[in-house]
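Notes follow once the structure below has been shown.
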Amino acid sequence: MEIVEKVPAKINLTLNVLNKRPDGFHEMRMVMTSIDLSDHLTFNERNDQQITLTSNAAFIPLNKKNIVYQAVRLLKERYEIQKGVDINIDKQIPVAAGLGGGSSDAAATLRGLNRLWELELTLEELALIGEQLGSDVPFCIYKKAAYATGRGEVIKLIHEIPQCWVILVKPPKGISSWTVFEELDLASLPHYNHDKMIEAINENNYEEMIRYAGNALEEISGKYRPDIKMIKGKMEKFGADVAIMSGTGPTVYGLTQQYSKAQRIVNGLKGFCREVYLVRTLK
Ligand SMILES: C[C@](O)(CO)[C@H](O)COP(=O)(O)OP(=O)(O)OC[C@H]1O[C@@H](n2ccc(N)nc2=O)[C@H](O)[C@@H]1O
Ligand SMILES: Nc1ncnc2c1ncn2[C@@H]1O[C@H](COP(=O)(O)OP(=O)(O)OP(=O)(O)O)[C@@H](O)[C@H]1O
């Protein structure tokens, strides 16, 4: 039997870092939404114990270093599954971009194998397992909009955000989450009002929502990647209502509700960056 899972990327509408925790992670407060830029994972059962990965992308590992492989191993060990699986990763989400690409692939693997091996696990159970793979994986299990706390694994689903166009610009070279978090000066971080943002989202009020968008990691990532600031400025100049870095970057996203404006922003930015995407937020 063949199973296919759609694997949406994510953006952080607000990202706050509170304190460093005893476990070495940081306490987060984030409003996040899935967006319609997706990988696709295809699963085919094997009767032997082998796990094989194939992909159109040359730049992700296709062995046990891939988070998809780790997700398979986790489920096989936990539920004593005596079967293997062939998985193809149709990679469309830019890698190490701040868009949750690997985390979302891992989440889709848990969802896909739940179906393929008929484990009948709930999304909450899959999210609990996903925590062991990475801080963003539980959010990615739901493919919705949510308020994420803890190290990012405590998820409270919220109302879908007001429909809008999302323009994504992914500058060359990624940034690792580890590097960004290690350099943080917590006392100097800005704070974005996620409660007010969630209120605006619940009222489907786009104009009010964008007033509260922001990413506390922008400053530190910007030190490594001065192009982030340049792209933000260009995006606002071409008419985006807001221009914010997603996750630990380097991707910058802009929001607008007008398609004509979205097209103008895309055409303007294509002059500065190769990887420019125009997508919608997911319902
Ligand atoms: C920045 C975000 O992408 C926002 O969505 C996430 O908070 C990070 O998610 P992620 O990359 O999946 O993070 P993980 O793979 O769990 O951790 C990578 C590294 O980032 C740092 N990290 C991550 C999450 C967190 N709450 N505190 C941290 O300090 C840690 O150094 C960790 O070793
Ligand atoms: N299936 C996968 N897809 C993408 N990257 C993967 C995958 N498996 C392992 N990786 C590795 O994980 C690293 C992080 O990639 P990823 O795309 O998850 O970063 P990201 O978009 O910044 O995610 P986040 O926003 O959660 O930090 C990359 O260096 C990549 O080589």
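Sequence positions, counted from 1, serve as the residue numbers for this chain. Both counts, for ligands and for their atoms, begin at 1 and track the order of listing. Small disclaimer: the values here were computed from a predicted structure and weren't measured.
Contact atoms of ligand 2 toward S103: 18 (O), 26 (O) (distance under 4.0 Å to a heavy atom of the residue). Residue K10 approaches ligand 2 through these ligand atoms, each under 4.0 Å from one of its heavy atoms: 25 (O). Taking every non-hydrogen atom of M28 and a distance limit under 4.0 Å, the qualifying atoms of ligand 1 come out as 7 (O), 26 (N). Taking every non-hydrogen atom of D136 and a distance limit under 4.0 Å, the qualifying atoms of ligand 2 come out as 24 (P), 25 (O), 26 (O). If you number the atoms of ligand 2 from 1 as listed, the ones under 4.0 Å from a heavy atom of A97 come out as 20 (P), 21 (O), 22 (O). Within ligand 1, the atoms closer than 4.0 Å to a non-hydrogen atom of S103 are 12 (O), numbered from 1 in the order shown. The ligand atoms of ligand 1 that sit less than 4.0 angstrom from a heavy atom of M32 are 5 (O). Close contacts between ligand 1 and H26 involve ligand atoms 25 (C), 26 (N), 27 (N), 28 (C), 29 (O) [criterion: under 4.0 Å to a heavy atom]. Every atom of ligand 1 is numbered from 1 in the order shown, and the set under 4.0 Å from a heavy atom of N12 is 4 (C), 5 (O). Counting the atoms of ligand 1 from 1 in the order shown, those under 4.0 Å from a heavy atom of M30 are 4 (C), 5 (O). If you number the atoms of ligand 1 from 1 as listed, the ones under 4.0 Å from a heavy atom of G134 come out as 16 (O). Atoms of ligand 2 lying under 4.0 Å from at least one heavy atom of D105, given by number and element, are 1 (N), 2 (C), 3 (N).
Closest protein heavy atom to atom 32 (C) of ligand 1: F25 CE2, 3.8 Å. Distance from atom 28 (C) of ligand 2 to its nearest protein heavy atom, with residue and atom name: V95 CG1, 3.7 Å. Ranking protein heavy atoms by distance to atom 27 (O) of ligand 2, first place goes to S177 OG, 3.2 Å. With hydrogens left out, the protein atom closest to atom 15 (O) of ligand 2 is A96 N, 3.6 Å, a heavy atom. Annotation: atom 3 (N) of ligand 2 to nearest protein heavy atom, K91 NZ, 2.9 Å. For atom 11 (C) of ligand 2, the nearest protein heavy atom (residue, atom name, distance) is P61 CD, 4.6 Å. At the top of the distance list for atom 20 (P) of ligand 2, counting protein heavy atoms only, stands G98 N, 3.5 Å. Scanning all protein heavy atoms for the shortest distance to atom 33 (O) of ligand 1 gives W178 CD1, 3.8 Å. For atom 18 (O) of ligand 2, the nearest protein heavy atom (residue, atom name, distance) is G102 N, 2.8 Å. Looking at atom 9 (C) of ligand 2, its nearest protein heavy atom turns out to be I67 N, 3.7 Å. Of the protein's non-hydrogen atoms, the one nearest atom 10 (P) of ligand 1 is S177 OG, 4.1 Å.
If you look at E27 next to ligand 1, there are no close heavy atoms at all, none under 4.0 Å. In F181, the part holding a heavy atom less than 4.0 Å from any atom of ligand 1 is the side chain. Using a 4.0 Å cut-off between heavy atoms, N66 contacts ligand 2 through both its backbone and its side chain. With a heavy-atom cut-off of 4.0 Å, S135 touches ligand 1 through backbone and side chain alike.
Taking only nitrogen or oxygen atoms, main chain and side chain alike, F59 does not reach within less than 3.5 Å of ligand 2. At under 3.5 Å, not a single nitrogen or oxygen of I60, backbone or side chain, sits near a nitrogen or oxygen of ligand 2. Backbone and side-chain nitrogen or oxygen atoms of K65 are examined, and none is located within less than 3.5 angstrom of a nitrogen or oxygen of ligand 2. When only interatomic distances are considered, the shortest N/O to N/O separation between G100 and ligand 2 falls below 3.5 Å. Note: no N/O pair closer than 3.5 Å links T248 and ligand 2 by distance alone. When only interatomic distances are considered, the shortest N/O to N/O separation between I89 and ligand 2 does not fall below 3.5 Å. For ligand 2, the polar-atom distance check finds no N/O of G249 at less than 3.5 Å from any of the ligand's N/O atoms.
Here NZ of K196 is found 7.5 Å from CD of E208. Values are rounded to the nearest 0.5 Å. A distance of 5.0 Å separates CG in L13 from CD1 in I11, rounded to the nearest 0.5 Å. In this structure, S246 OG and I35 CD1 are separated by 7.0 Å, a value rounded to the nearest 0.5 Å. Note that the CE atom of M28 and the OG1 atom of T14 stand 9.5 Å from one another [nearest 0.5 Å]. Between the OG atom in S38 and the NZ atom in K91 there is a gap of 10.5 Å [rounded to 0.5 Å].
Within 6.0 Å of CG in N47 there are 12 or fewer heavy atoms belonging to other residues, nucleotides or ligands. Around atom CD of Q92, more than 12 heavy atoms belonging to other residues, nucleotides or ligands sit under 6.0 Å away. A 6.0 Å sphere centred on CD of E120 holds no more than 12 heavy atoms belonging to other residues, nucleotides or ligands. Surrounding NZ of K144 are at most 12 heavy atoms belonging to other residues, nucleotides or ligands under 6.0 Å away.
There is no protein heavy atom closer than 4.0 angstrom to atom 13 (C) of ligand 2. Atom 7 (C) of ligand 2 is flagged as protein-proximal [any protein heavy atom, distance under 4.0 Å].
The distance between the ring centers of Y147 and H194 falls below 6.0 angstrom. A ring-centre distance under 6.0 Å is found for Y259 and W165.
Using modelled atom types, one side-chain atom of N66 and one backbone atom of P61 make a donor-acceptor pair closer than 3.5 Å.
Residue contacts with ligand 1 leave out K20, since none of its heavy atoms falls under 4.0 Å from the ligand. The closest approach between a heavy atom of G152 and any atom of ligand 1 is not below 4.0 Å. Within the 4.0 Å heavy-atom cutoff, G101 counts among the residues contacting ligand 2. Between K10 and ligand 1 there is a heavy-atom distance shorter than 4.0 Å.
A donor and an acceptor atom, one from each side chain of R151 and S135, are located under 3.5 Å apart.
Ion pairing of E218 with K229 is absent here, as no side-chain N (NZ or NE/NH1/NH2) approaches a carboxylate O to less than 4.0 Å.
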Next on the checklist: E80 vs R78, test: salt bridge (charged side-chain N to carboxylate O under 4.0 Å, His left out). Steps then yes/no.
Outcome noted: CA-CA 6 Å; E80 293 169 353; R78 191 184 178 99; over 6 Å; no
